[in-house]
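Here the structure is laid out as C-alpha cells; the discussion comes afterwards.
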2 protein chains.
Amino acid sequence: MSKIDYIKTSEIFKALSNPIRLQMVDFLLDDECCVTDVVNELGISQSASSQHLSILKNSGIVYPEKHGTRTCYKVNNKLTKEIINLLKKINND
Amino acid sequence: MSKIDYIKTSEIFKALSNPIRLQMVDFLLDDECCVTDVVNELGISQSASSQHLSILKNSGIVYPEKHGTRTCYKVNNKLTKEIINLLKKINND
DNA sequence: TTTATATATTATAACATCATAATATTATAA
DNA sequence: TTATAATATTATGATGTTATAATATATAAA
C-alpha cells in the first residue's frame with residue numbers, strides 16, 4: 001500500500017505528541033539552545049526539561065553538543081523540520 | 001516565537017503516534033472504507049478497529065458516514081493529509 | 001580542593017493507553 | 001418479530017507517561 005515505516009514514524013509522532021516537546025522543537029529550530037535556555041523560555045522545571053530533551057534525543061529528533069558545563073541541543077531530523085515548516089504554513093483547519 | 005497551536009497540534013500527533021492508527025490513516029486515504037475493510041486489511045480485531053477509529057475521529061482526523069449497517073470512514077484533516085504525503089516523499093533519514 | 005553551576009538520573013504517584021474479551025446497539029433480512 | 005451482520009461500548013489488567021521532588025554527576029571557577 002505504501003512505503004511508510006509505520007513503527008518508526010509513529011515513534012517520531014509519539015515524541016511530538018506532547019505540547020511541551022513540540023514547543024521545544026520549535027524553539028530549538030530557531031536558536032541552538034542549552035537546557036537552561038529551554039527552561040527559561042518554556043517556564044518548566046530543569047528536571048522536566050532534561051527529561052523531555054532526553055525523549056527527543058532518543059527518538060532521533062535532537063542531538064546534544066557539550067560545551068563545558070552546558071549542553072546545547074539541535075534539531076537533527078529532516079522529517080521533523082519539514083513537519084514544523086508545514087505547521088507554520090497551514091492554519092490547521 | 002511561532003503561530004503553532006502546540007496543544008491542538010500535539011493532539012493530532014498523539015492520534016498518529018500508534019503504528020496501527022498510522023497505517024489506518026494511510027489506508028483510508030487510498031480507499032474510503034468501512035470498519036470491516038479496515039479489520040481485514042490490518043488483521044486486527046473488530047473491537048480494536050472501532051476503538052482506534054474512534055480515537056482518529058475524536059482528534060478530527062477522520063469522519064464517519066453511515067450507510068445502512070456499515071460505517072465508512074474518510075480522512076478529513078488537511079494537516080494529516082499533507083503529513084502523509086510528506087512521509088511518502090521522504091525516506092525518513 | 002572546595003564551591004558553584006549546569007545537567008542528568010532516579011523515585012514516586014497519578015493518570016493515560018493498549019489489547020483483549022465480553023456485551024450492547026443498530027439496521028436490515030428472513 | 002426474530003435472526004443476523006456490522007459496529008460500538010464497556011471492563012480489565014498490563015504497561016507507559018507525566019510532573020514533581022530528591023539526588024547524583026561533571027565541569028569550571030575561586
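The chains referred to below are lettered A, B, ... by the order of the sequence lines, with proteins before strands, and numbering in each begins at 1.
- At distances below 3.5 Å, not a single donor-acceptor pair connects side-chain atoms of A/R21 with backbone N or O atoms of A/L16.
- In this structure, A/K66 does not reach the C/dA6 phosphate: none of its side-chain N or O atoms is under 4.0 Å from OP1 or OP2.
- For B/L53 and D/dA6, the CG to C1' distance is 13 Å, given to the nearest whole Å.
- For the pair A/N18 and D/dT17, the criterion of a side-chain N or O lying under 4.0 Å from OP1 or OP2 is not met.
- Dashed line: the shortest gap from a side-chain N or O of A/Y73 to OP1 or OP2 of C/dA8 is under 4.0 Å.
- Distance, B/R70 CZ to C/dA27 C1': 12 Å, rounded to whole Å.
- Under 4.0 angstrom from either OP1 or OP2 of D/dG16 there lies no side-chain N or O belonging to A/K14.
- A/H52 comes within contact range of the sugar-phosphate backbone alone, with a heavy-atom separation under 4.0 Å but no base atom that close.
- Donor-acceptor pairing under 3.5 Å, judged by distance alone, is present between the side chain of A/Q51 and the base of D/dT20.
- Across all strands, B/S50 comes closer than 4.0 Å to base atoms (heavy-atom distances).
- With no hydrogens or angles considered, a side-chain donor-acceptor pair links A/Y6 and B/D26 at under 3.5 Å.
- Counting any heavy atom pair closer than 4.0 Å across all strands shown, B/K57 reaches no nucleic acid atom.
- Comparing A/I55 and A/T69 against DNA chain D, the residue whose closest nucleotide sits nearer the 5' end is A/I55.
- The separation between A/L42 atom CG and D/dA19 atom P is 11 Å, rounded to whole Å.
- Judged by distance alone, the side chain of B/D37 and the main-chain N or O of B/C33 form no donor-acceptor pair under 3.5 Å.
- Looking at A/Q46, its side chain comes within 3.5 Å of the base of C/dA8 through a donor and an acceptor atom.
- Residues B/S49 and B/V35 come closest through the heavy atom pair OG-CG1, 3.6 Å.
- Residue-level contact check: A/S47 touches the bases, meaning some heavy atom is under 4.0 Å from a base atom.
- Rounded to whole angstrom, the span from the CZ atom of A/F13 across to the C1' atom of D/dT17 amounts to 19 Å.
- The interatomic distance linking B/Q23 (CD) with C/dC18 (P) rounds to 15 Å, in whole Å.
- If A/R21 and A/G68 are placed on DNA chain D by their nearest nucleotide, the residue sitting closer to the 5' end is A/R21.
- Listed pair B/T36 / D/dT7 meets the phosphate criterion, a side-chain N or O lying under 4.0 Å from OP1 or OP2.
- Taking both residues in full, the closest heavy atoms of A/G60 and A/N76 are given as O-CB, 3.9 Å, listed atom of the first, atom of the second, then distance.
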